[in-house]
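I have placed the structure first, in the form of structure tokens, so that the comments after it can refer back to it.
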Amino acid sequence: MIDAASLVDVKNGTQAKSIFWDEQIYQLELERIFDRCWLFLTHDSLIPNPGDFTTAIMGEDEVIIVRQINGSVKAFLNVCAHRGTRVCSVEAGNTRSFTCTYHGWSYGLDGSLQAVPFENEFYKGVLDKSTHGLTEVRAESYMGFWYGNFDKTAPSLYDYLGDYRFYLDVWMDSTGGAELIGPPTRTLLNCNWKTPAENFVGDAYHVGWTHAASLSVLGGELTAMSGNKMVPPDGAGTQITTRFGHGLGILTNAGPALLSGPVGELARKWYAENRPKVAEKLGKTRGGYYGSHFNSNVFPNNSYLWGTNTFKVWAPRGPRSIEVFTWGIVEKNMPDEVKEAVYDMATRTFGTAGMLEGDDADNMESMTQLNRGRQIRKGRLNSQMGMGGDKVDEESGAIIGASAVGETSYRGYYRAYREFLMAESWDDLLKADPDAWKREFLGK
Amino acid sequence: MDGLKAVAHDVYHEIEQTLYREARLICDERLRDWLDTMVDQEILYQAVSRQLRVRKDTRYAAKDHVNIFNENYHYLAMRVTQSESPMQWTADPREIVRHFINNLEVYEGEKPGEYRVFTNCLVVRNRRIYEEMTYSYSRKDVWRRDAKGQLRLVKRLSEVDERFMRGKNLNFIL
Ligand code: FES
Ligand SMILES: [Fe+2]
């Protein structure tokens with residue numbers, strides 16, 4: 001039996017190293033996190049028309065997401081109800097049905113079993129087609145971003161995002177919404193799925209050092225941090241964490257971050273034009289956040305960067321490797337020229353040959369693979385930076401850290417991680433009062 | 001054949017030697033030499049990965065490929081400078097990117113002194129202690145003679161075979 005409580009020490013800001021390695025812990029994560037949480041599927045922009053579909057991975061389960069005739073969206077497990085073959089072996093497309101390649105059972109867009117070859121001749125009435133449709137997965141969207149959930153008792157996506165929406169809206173809502181640019185790249189990393197998630201949720205600390213070389217050549221606001229030559233000054237940003245572990249870090253006014261030359265000018269102009277409108281729509285605080293650089297993660301494994309415009313899913317493949325899905329993310333109302341320019345830079349920085357993407361991989365892999373060693377695996381991970389400086393932000397309801405660089409969002413991520421692993425069910429998770437997590441986090 | 005005009009044997013040989021030289025410079029980490037002596041200022045250096053679709057699907061409108069590289073001279077030079085930084089931790093200790101270049105076809109290009117070059121490439125990349133990765137891809141190049149008669153790379157489009165990239169990333173010159 002795993003002692004889930006001991007894996008994370010909320011009060012002291014540490015975690016057990018075994019969370020990056022242990023098979024039993026991983027199985028518990030699949031059951032208590034991936035079976036329960038809202039997991040990213042696709043975006044409206046990738047399935048605009050009836051019959052359009054994409055595939056995705058929730059935990060280790062393959063799913064299909066398909067636009068219905070009436071414009072709604074349904075998700076299904078990508079598996080045939082007969083003998084368990086994949087019903088969709090491509091990644092995206094437009095179709096009228098999904099036909100299994102084994103014996104030819106055919107399913108409608110709504111998942112119902114429509115046709116069975118030689119149904120009368122071979123089954124002679126014993127097969128109940130009405131109970132052999134594709135298995136539907138609960139799917140909901142926020143601002144066009146579709147997420148799936150295997151747990152019928154889970155709160156709505158809207159409530160699951162909770163206070164995090166305050167920050168999400170800065171980009172997802174403010175100038176008319178966001179959209180993804182596909183298809184995604186798909187790559188392997190030999191790391192635990194949490195190692196990139198924790199990095200994206202709250203690691204501004206590594207930027208100047210891990211990425212020293214790439215920052216030094218790219219230009220843009222972050223160049224000054226290359227080689228840790230500059231400490232972000234007070235007020236340069238903050239870190240934020242919320243109830244279910246969603247979190248982010250903001251580097252104020254560093255939106256185009258890595259964009260120099262004409263691309264940087266385009267992006268800065270767009271931000272400058274839109275900031276007053278965002279302030280008007282969402283208030284002064286968020287007007288100030290708009291145009292900043294955001295590193296963010298929706299719990300458990302969906303990360304994105306605003307300003308560097310990359311959107312990722314870290315899909316686990318066992319405890320020690322992952323499949324990385326990477327899309328571009330842009331504001332819908334950006335002129336095409338701006339969209340193309342920032343997406344091109346997102347490819348250059350965080351795509352398959354991304355100038356920064358490659359830098360991160362070695363860290364994530366070694367912090368996973370070293371746990372092969374029993375002695376190393378017994379150790380603890382430290383995320384204490386900024387402890388004591390965290391407080392509740394009255395406007396958003398989230399907990400925010402005192403500076404741009406710190407580990408507040410790490411601690412919030414792992415506080416939630418522990419709570420999910422320990423809870424028997426969503427009922428169990430939701431029985432505490434809504435502020436209990438803040439008292440736990442702040443040690444009060 | 002495909003309206004392509006094969007080149008004379010000596011040109012074929014010259015291009016072949018040029019490709020081998022390029023591979024050697026990359027393997028020896030002489031990327032600055034590669035850029036200075038083999039790359040044209042007008043370079044368009046691209047690599048793509050293709051999403052898997054049903055062959056006959058014509059109704060799905062979204063583009064079916066994603067760029068891995070989409071570089072002009074400015075950005076290629078940026079990458080070369082990055083590789084030279086003493087703070088590029090991923091390249092220290094050194095990594096070895098060894099090209100095996102095959103199936104070479106050379107045809108006359110659109111203009112005199114321009115050549116269309118098709119190759120298949122296998123790259124074996126070794127880095128750190130435990131990592132060895134292989135990559136298989138096709139290249140469609142255009143090479144052009146500069147004023148001094150030196151062949152320079154003007155265009156390269158690489159199509160990477162593996163959709164799910166087990167080699168983690170393509171942070172090297174393809
Ligand atoms: S397994 Fe799908 S039709 Fe038989
Ligand atoms: Fe990073």
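We name chains A, B, ... by the order of the sequence lines, and we start the count at 1 in each one. Values below: all heavy atoms of this structure, side chains included; hydrogens, waters and symmetry mates excluded.
For Y12(B), the OH atom is densely surrounded, since the number of other residues' heavy atoms within 6.0 Å is greater than 12. More than 12 heavy atoms of other residues, nucleotides or ligands shown are found within 6.0 angstrom of CZ on R152(B). The local environment of OH in Y102(A) is sparse, with at most 12 non-hydrogen atoms from other residues, nucleotides or ligands closer than 6.0 Å. Counting heavy-atom neighbours within 6.0 Å of E337(A) CD, excluding the residue itself, gives a total of 12 or less. In the displayed structure, R372(A) atom CZ is contacted under 6.0 Å by at most 12 heavy atoms of other residues, nucleotides or ligands. Counting non-hydrogen atoms of other residues, nucleotides and ligands closer than 6.0 Å to CZ of R32(B) gives a total above 12. Remark: K155(B) NZ is loosely packed, at most 12 non-hydrogen atoms of other residues, nucleotides or ligands lying under 6.0 Å away. Within a 6.0 Å radius of CZ in R116(B), no more than 12 heavy atoms belonging to other residues, nucleotides or ligands are found.
The shortest non-hydrogen separation linking A353(A) to L170(B) is CB-O, 3.4 Å. Heavy atoms only, all atoms of each residue included: T95(A) and R59(B) are closest at CA-NH2, 3.8 Å. Residue L46(A) comes nearest to Y60(B) through the heavy atom pair O-OH, 2.6 Å, listed as atom of the first residue, atom of the second, then distance.
Here V90(A) is the residue among V90(A), L189(A), T55(A), D52(A) with the most heavy-atom pairs under 4.5 Å with chain B. Ranked by heavy-atom pairs under 4.5 Å with chain B, the first of N49(A), T210(A), L215(A) is T210(A). The candidate with the highest count of non-hydrogen atom pairs below 4.5 Å against chain A, out of V160(B), L174(B), I68(B), is I68(B). Each of R163(B), R53(B), M78(B) has some count of heavy-atom pairs under 4.5 Å with chain A, and the biggest count is that of R163(B). Between chain B and the residues I47(A), L218(A), D359(A), T326(A), the largest count of heavy-atom pairs under 4.5 Å involves D359(A). In terms of heavy-atom pairs under 4.5 Å with chain B, the best-connected choice from S89(A), S214(A), G182(A), S321(A) is S214(A). Your options are H74(B), R79(B), Q88(B), and the one with the most heavy-atom pairs under 4.5 Å with chain A is R79(B).
If you measure heavy-atom distances from W327(A) to chain B, you find no contacts under 4.5 Å at all. Contact of S366(A) with chain B is not made at all, since no heavy-atom distance falls under 4.5 Å. The contact between H65(B) and chain A is made entirely by backbone atoms, counting heavy-atom distances below 4.5 Å. The contact between R96(A) and chain B is made by backbone and side chain atoms together, counting heavy-atom distances below 4.5 Å. Contacts between T90(B) and chain A at a heavy-atom distance below 4.5 Å involve backbone atoms as well as side-chain atoms.
A salt bridge links E71(B) to R348(A): one of the charged nitrogens lies within less than 4.0 Å of a carboxylate oxygen. Ion pairing of R127(B) with D362(A) is present here, as a side-chain N (NZ or NE/NH1/NH2) and a carboxylate O approach within less than 4.0 Å.
Of the N and O atoms on the side chains of N190(A) and E131(B), not one donor lies less than 3.5 Å from an acceptor on the other residue.
Going from atom OG1 of T352(A) over to atom CG of N67(B) covers 10.0 Å, rounded to the nearest 0.5 Å. Taking CZ of R166(B) as the reference point, atom CZ of R186(A) lies at 11.0 Å (rounded to 0.5 Å).
A donor-acceptor pair under 3.5 Å is formed between the side chain of D57(B) and the backbone N or O of N94(A). Remark: side-chain polar atoms of K168(B) are not paired, donor with acceptor, to backbone N or O of T187(A) under 3.5 angstrom. When atom types are taken as modelled, the side chain of Q82(B) and the backbone of M355(A) share a donor-acceptor pair closer than 3.5 angstrom. At distances below 3.5 Å, not a single donor-acceptor pair connects side-chain atoms of Q51(B) with backbone N or O atoms of P183(A). Checking side-chain atoms of W89(B) against main-chain N and O of A213(A) turns up no donor-acceptor pair under 3.5 Å.
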For the pair E357(A) and N171(B), evaluate side-chain hydrogen bond (donor to acceptor under 3.5 Å, both in side chains) and give the outcome as yes or no after the intermediate values. CA-CA 9 Å; E357(A) 181 80 0; N171(B) 286 53; over 6 Å; no
Starting from the C-alpha separation in whole Å, work towards a yes-or-no answer on salt bridge (Lys or Arg N to Asp or Glu O under 4.0 Å) for E365(A) and R128(B). CA-CA 12 Å; E365(A) 291 195 344; R128(B) 301 290 165 108; over 6 Å; no
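With contacts defined as side-chain heavy-atom distances shorter than 4.5 Å, the pair V324(A)/F164(B) does not qualify. The side-chain heavy atoms of S226(A) and M87(B), taken from C-beta on, include a pair separated by under 4.5 Å.
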